[in-house]
Structures are given as structure tokens and as C-alpha cells.
Visitor: 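Could you have a look at this structure, given as C-alpha cells, before my questions?
Labels below follow one simple rule: chain letters A, B, ... track the order of the sequence lines, proteins then strands, and each chain is numbered from 1.
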There are 2 protein chains.
Amino acid sequence: MPPRRATTPQSVTLRDVAKSAGVHLSTASRALDPTKRHLIADTVASKIAGIADKLGYRRDPIAASLRTRRSKLVGVIVPDIANPVFSPIIAAITETLSAAGYSTIVADGGQDRRRQSALVGELIARRVDGLVLATVRRDDPILKECLREGLPVVLVNRADESDSVSSVVTDDRAGMRLAVEHLFELGHRAIGHVAGPAHISTGYLRRQGFEEAMAARGLTLPADAVVEATAYEREAGEAAAAELLKRNPKLTAIAAANDLLALGVYRAIAAAGLSCPRDISVVGHNDMPLADMVEPPLTTIRIGPREMGHDAARLMIARIQEPEAAVKKVVLSPSLVVRASTARHES
Amino acid sequence: MPPRRATTPQSVTLRDVAKSAGVHLSTASRALDPTKRHLIADTVASKIAGIADKLGYRRDPIAASLRTRRSKLVGVIVPDIANPVFSPIIAAITETLSAAGYSTIVADGGQDRRRQSALVGELIARRVDGLVLATVRRDDPILKECLREGLPVVLVNRADESDSVSSVVTDDRAGMRLAVEHLFELGHRAIGHVAGPAHISTGYLRRQGFEEAMAARGLTLPADAVVEATAYEREAGEAAAAELLKRNPKLTAIAAANDLLALGVYRAIAAAGLSCPRDISVVGHNDMPLADMVEPPLTTIRIGPREMGHDAARLMIARIQEPEAAVKKVVLSPSLVVRASTARHES
DNA sequence: GTAAAATATGCAAACGATTGCAGGAAGCGC
DNA sequence: GCGCTTCCTGCAATCGTTTGCATATTTTAC
């Protein structure tokens, strides 16, 4: 059997429905649009609905888009689709949006600024009703571009500096404070930090949280106690931790800005001939999938990615329906998940 | 500053370009379409291109779609977007498609049959030019539905029974044979298998591969040496492995149909008071991200997800451009990745 | 019973491109 | 210089909806 041509599924159009119901095209259109249905007499409307159903009519979203300049399509841009942290966020966004009748189109922004910009252009051309960004830097040109276009935008996981756009993030400072408190209570005093990139809000804020928590406990922060990783990747974490250990041989614990970095820290510890948690305790951040399966199972900070995704989607829907609404910033509370990478420090 | 309305980005239309160039709309359209450009005099065409550029014209894909019934959009349906195995496949598909001018819309099919069907309908309504499915069962109703609609489809990672659709998969039997050979060479003779669901091609074929490889080595297969997991999930793997160990206390090695199952096997081994790889060797399948970071680092079969994605995308493009072309089935060769979950068995 | 208001439907113009058809200009051979 | 191609460009229909406005019908108020 040869494959059939993709052309002419000769779908039934609104005109067919209208003709079959003996009404005008426009009447059928209104009867089938929930927000306009009240304009049509009940008997007529339900008759049309019945016929549409019988004929198997499906509204053509393309034609509708052309006319309305809306698409029921929301773009989601992530920095790296292969990064497990984002999977549950994306899944949650998709769920909530689709329940509200929106489809999502997920794109990998990648590193390249130009590519990202092209991507946004592409999505705008496709008339997305809004954009969820998980990529932004603290001061982000792409974001500005979107706002200039008047496109509804919501930020997720990472926020920017300005107050011009809605976002949902976790309280990154608080999260890192939880981590430090946990280490402190286990008896650690010489604590180091592998920070995330400072141009990303999570890296920046978690570092602040670290410094605050140390200060709150009256721990003087050795000048060398923080090393910033160049990216949220394992290799970067390993390099940073190696540097950290070299500078501070007395460290008994390390708080990493993210789980992948923490895994790099594991490596550096092993490379230095030490053992986690016996010699050095490690705490990560995000509780990404599989964080419990590494060795040792990672003590980390849970950020509730699904809730984050749901909230982001809800914010997006609200913004699309009410573009003038006030900017809303949702901040979720992180929580500590204790596993086996942290241990009591006997001194 | 209040957010601006999402309406009227007053983009410049083809009409504007045509007017500004002093030619007819249709001439401008042809000049700007690479496949029609040869119809227009070179001087005119390049003038139009120049003006379009200056005006910042962007073709409206929505309007084009309405007329052409094509969309330059390809749908990708995965069973579970949060499953790390699929991340690199999705990423690769997206890359290749976008290089060819296609956008992708990734959707999570989930378990529910009805939802999946609705999803496909939704994508068809949006006029996707094709569908890449990573979800299919060996005998899949959804797939049939797509084919009935005459939609170009390519299968990735999992294939179906029929020969009516292009696909790219790894040689699952060969992969499992690699695993068994490896164990055999390490001295193992009592080898068990945690199989994947039989209604999915990977589960079915890998199980066959297992049985073949055992037979080839002249190892009689104890009746109880294979237990089928109910799903590709850790918990299912743990349950299956527990059962397997109970039935076969003498097992020295287990080949799992997939990495997540293998992680479940780890658990079952620990729960039985045993240790991997000292008491029992384990080999996984897929080499998913982070497989090297678990403890012990997992010996597994690499399936080349990026290549798989690229090939799937290429197949899709070919099929869209030449719908009558013959069905093509790409089979990639898997390879063994030895880490620390397998050890020599001294008897 | 009539004017005003409300309700229900039809009309037709968009939205922004693509493309079959036809016609005009130029090129060619003789 | 004439007929015949060949090459370019314009015309106009079309894709399937949505929606402001006009019109017809009914209801309400007095």
C-alpha cells in the first residue's frame, strides 16, 4: 500500500456546517465560539453544535489565527533541553497550558545569542501568544526584545533584574541559607561555596544567600571560600571545586549552587584523594531527577519544579487574557532534602 | 511603564514590499520564494529582496500555511518528557529540523490513550507537516490513525510491527547480545534478565537478544531467568529484580533492558543484602545522561541518541518532500560502555 | 398601539500570503 | 518584417475564519 498524499484531508469547514444547518457562516461561527454563543438563540446554537459534531467539524486554528492574530500557542525557551532540571518544569508548564487550550512549542535556546534571537523572531512570526523563558540572564537583551514587541513574557526559575516582567522562582537566598544551616548544625564551620555564574540570577542570589548565612552564624568568610563556576555543568563544578580545595585545604563542607556542580565537586573530592561525606560534606541545589541515585545520594535543596511550571503557566494565561495586569512575582519556598552526602563533623 | 498590547506589531506585509518596489504582490511573493525566484528577472528579484530586507519584511507563516496547507512545523511526541533518555534525542531532532527551516513542537504523550489521540488531532489541526513518534507500541492504534490521515510519520527509538512506516532504532537484539557477551567474558554463567514491557519493541527485542545470546553460548536458560518489568521505571525494575533474585538465588549477573530498570536492580540488590558488582554484576541499556554518575557507575549499552535524532529528522524531511518515497528503516549499531557495575566472576 | 430597546441573524470585508492562467515584451529564425 | 517561442509579470481567486455593522424580528414600556 503506497502512502497517501498529505494533501486534502478535505476536512469539513465552517461553510459546510452552516449550509447544512441552513444558517449563515457567521452564525455558525458564533454558535461554536463559547464566548459568543450567547448571541445566538439557544435552539439554533445547539442545532449547529449538533450538526458540527455529526459532520466531524474541527475549527481550523490556522485560519482563525490569521484573522485574530492569536494562536493559542505558547513558546517555551530553555537553555538546554537535555538538562534534567528542566524536564519536570517543562512537563508541568505543558500540562497546565494544555488544560487551558494552549499548545506549547518547546525550543532549545542554546548558548548563542544570535541563535536565540532568531528563535524568538521565529516564534513571534508564528504568532505565539506568549513566551516562557527559562534562559534569562540577570540583564538580558533577548528579554528586552520580547518586551519591545509587546509580547507577554513570564520568567521561570531564573529572573532578571528589572521589575517589568512576571516571574516564578524559588527563594534562592533562602535555599542556600537552608543548606548552610544544615551544614552548620552538623558541626561544620569551614564551609566553601561553588557558585553559579554571576550573570544568572540563581548563581548570584545563591551566593548572596551563602554569604548571609555564614555571616548570620558569625562565621568569618575566608576570602577564598567562594569560587564561581563558569557554567552550570559538571566539568565546571569539578574545576571550581579543585580550585576551592587547593586554596582551602581545611574545608570540611562545600555548598554547590546546583546539583550538576555538586556532582563535579564529588569528582574533585575523589581526585584529591578524599571521600564524601567522610572528609567533606556536599550539598547540592535543585533536587534534579536521579539526585538520589548518585553515590553518595545527594543532600540537596528541593525547588518544586512542577509547582514552578504550573505557576508559570497560570501567570502566562492570566497575562494573555489581561495584558495590562500588574506584574506578578511568585517566589516559592525551597526545602532541604537530607540524604547521604552530608555527615556530622567531629572536631 | 505599562506593558504594551500584544496587538498590531504592524509588521510590514508583502503588499508593502510590492508597493515599495513598484511591482505586483505576486511578483514579490515569487521573488522571495527560493523555489520560484528563477521565474523573476534577476535585477527585479534582487531589488525586491533588497527592499524586503530594508523594510524588515518577514513572511507570515500563518497566512502561508492557510494557503498552502503546509506549516513547516513538525510534531514530536514522547512518552515522558521528564525521562532523561529522550532529552538528547529531542535536542538532536530539533537541531536538524530547524536547520532545514522547520520548527518542532514537542508534546508529552503520557500514558492515556485518549489523551494521546486528542494530542494527535490537535497537531493535525495545526497542520503539522509530519509527526515523529517516540511513543509507539508494537501494535499501535495512534500510529494507524496518523497513517489513515496520510500524515508523514517517522518512528524513533521504538518501532512497530508493520513495515508501513520509516523508523530509526538501534539494533536492540545486538545491543543485548553485547551485554550478555560482556558478562560471559567476565566469567558469568548464571545470568538473569529484567525485561522491558513486551508491548514495546525495545522490551520485546532486547529480551529476544538476551535469549539468543544465552543460547549461542550454550547456556541453558533457567525458566525463571527472565522477569518482565511493568514499565520502564525504577520502581518496576526494583520489583522485577527482587522477584528474579528470589527465584534464582544463584544469579551472579543481571542484564536490564534499560538504565532506569538497572537502577531499580541496584536497589533490589542492596535490599537483598548483596553488593554490586561484588556479588552481582549489572548492565543497563541506553547510556542515559548521568549513567556514569550513579554508584557504581553503570556499565551499559550506548545507543547514540543524538545520531538517532538526527537521522529521524532527516528521514522526516525526506518524507515530507517526497511522500511517495519508499519506507526506510535505519538501524544503528549499539556499543558497549564498560564502567564499574560489572566485575569478573571467580568461581 | 406605538416608540424604544433588546435580541437574533445576515452581509461582507478583512487577515496575508500562494498560484494557475493569461497577456505583453523581447528574442529568434527565416 | 512576420510568426513563434521564451521569458517575465500582472490578475484574481482562494485558503477558513472572525467581527463590525446593518437589518429584521421580537419584546418591553407606557
Visitor: Grab the CG-P distance between B/Leu39 and D/dC11 for me, whole Å please.
Guide: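 Distance, rounded to whole Å: 17 Å.
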
Visitor: Once you round it to whole Å, what is the distance between C1' of C/dT7 and NE2 of A/His38?
Guide: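 Taking atom C1' of C/dT7 as the reference, NE2 of A/His38 is at 11 Å.
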
Visitor: Considering all heavy atoms of both residues, which atom of A/Glu95 and which atom of A/His310 are nearest to each other, and what is their separation?
Guide: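 A/Glu95 and A/His310 have their closest heavy atoms at OE1-NE2, 3.3 Å.
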
Visitor: Please confirm whether the shortest side-chain N or O distance from B/Ser65 to OP1 or OP2 of D/dC15 is below 4.0 Å.
Guide: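 Checking D/dC15 against B/Ser65, no side-chain N or O comes under 4.0 Å of OP1 or OP2.
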
Visitor: Mind calculating the distance between CZ (A/Arg15) and P (C/dG10) to the nearest angstrom?
Guide: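 Interatomic distance, CZ of A/Arg15 to P of C/dG10: 14 Å.
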
Visitor: Please find the pair of heavy atoms, one from A/Arg158 and one from A/Ala134, that lie closest to each other, and give the distance.
Guide: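 Here A/Arg158 and A/Ala134 meet closest at CD-O, 3.7 Å.
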
Visitor: Figure out the CZ/C1' separation between B/Arg126 and D/dT17, and round it to whole Å.
Guide: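 Taking atom C1' of D/dT17 as the reference, CZ of B/Arg126 is at 14 Å.
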
Visitor: Would you say C/dT18 has OP1 or OP2 under 4.0 Å from some side-chain N or O of B/Ser29?
Guide: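 For C/dT18, OP1 or OP2 has a side-chain N or O of B/Ser29 closer than 4.0 Å.
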
Visitor: Could you state the NZ-P distance from A/Lys19 to C/dC11, rounded to the nearest angstrom?
Guide: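 Atom NZ in A/Lys19 sits about 14 Å away from atom P in C/dC11.
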
Visitor: What is the distance, rounded to the nearest whole Å, between atom CG of A/Leu66 and atom C1' of C/dC15?
Guide: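 Atom-to-atom, A/Leu66 to C/dC15, this comes out as 4 Å.
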
Visitor: Using 0.5 Å steps for rounding, measure from the CD1 atom of A/Ile317 to the OG1 atom of A/Thr96.
Guide: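 Going from CD1 on A/Ile317 over to OG1 on A/Thr96, the span is 7.0 Å.
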
Visitor: Name the nucleic acid region contacted by B/Ser26, choosing base, sugar-phosphate or nothing; use a 4.0 angstrom heavy-atom cut-off, strictly under.
Guide: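 Contact class for B/Ser26: base.
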
Visitor: B/Tyr57 or B/Arg30: which one's nearest nucleotide on DNA chain C is closer to the 5' end?
Guide: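 Closer to the 5' end of DNA chain C: B/Tyr57.
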
Visitor: In this structure, how many angstroms lie between the C1' atom of D/dC7 and the CG atom of B/Asp42, rounded?
Guide: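 Result: 13 Å.
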
Visitor: How many Å lie between CZ on A/Arg37 and P on D/dT19, as a whole number?
Guide: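 These atoms are roughly 18 Å apart.
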
Visitor: When you compare the side chains of B/Gln116 and B/Thr135, does any donor N or O come within less than 3.5 Å of an acceptor on the partner?
Guide: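 There is no such pair between these side chains.
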
Visitor: A/Ile62 near the nucleic acid: base, sugar-phosphate alone, or nothing, with a heavy-atom cut-off under 4.0 Å?
Guide: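 Since no nucleic acid heavy atom lies under 4.0 Å of A/Ile62, the category is nothing.
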
Visitor: Hey, which of these two, B/Thr68 or B/Thr43, hits DNA chain D nearer its 5' end, going by closest nucleotide?
Guide: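 In this pair, the answer is B/Thr43.
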
Visitor: Among D/dC8, C/dT9, D/dT14, which is the nearest nucleotide to the side chain of A/Ile40?
Guide: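 Given the options D/dC8, C/dT9, D/dT14, the side chain of A/Ile40 is closest to C/dT9.
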
Visitor: Distance check: side-chain N/O of B/Lys36 vs OP1/OP2 of C/dT18, anything under 4.0 Å?
Guide: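 It does not, given that no N or O in the side chain of B/Lys36 lies less than 4.0 Å from OP1 or OP2 of C/dT18.
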
Visitor: Rounded to the nearest 0.5 Å, how far does OG of A/Ser166 lie from CE of A/Met316?
Guide: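 It is 8.5 Å, given to the nearest 0.5 Å.
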
Visitor: Looking at C/dC11, I'd like to know if its phosphate oxygens (OP1 or OP2) sit under 4.0 Å from a side-chain N or O belonging to A/His24.
Guide: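 Answer is yes, contact under 4.0 Å.
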
Visitor: Look at A/Arg69 and C/dG16 and indicate whether a side-chain polar atom (N or O) is within less than 4.0 Å of OP1 or OP2.
Guide: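 For C/dG16, OP1/OP2 do have a side-chain N/O of A/Arg69 under 4.0 Å.
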
Visitor: Does A/Arg70 have a side-chain nitrogen or oxygen under 4.0 Å from the phosphate oxygens OP1 or OP2 of D/dT19?
Guide: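 Yes, because at least one side-chain N or O of A/Arg70 sits under 4.0 Å from OP1 or OP2 of D/dT19.
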
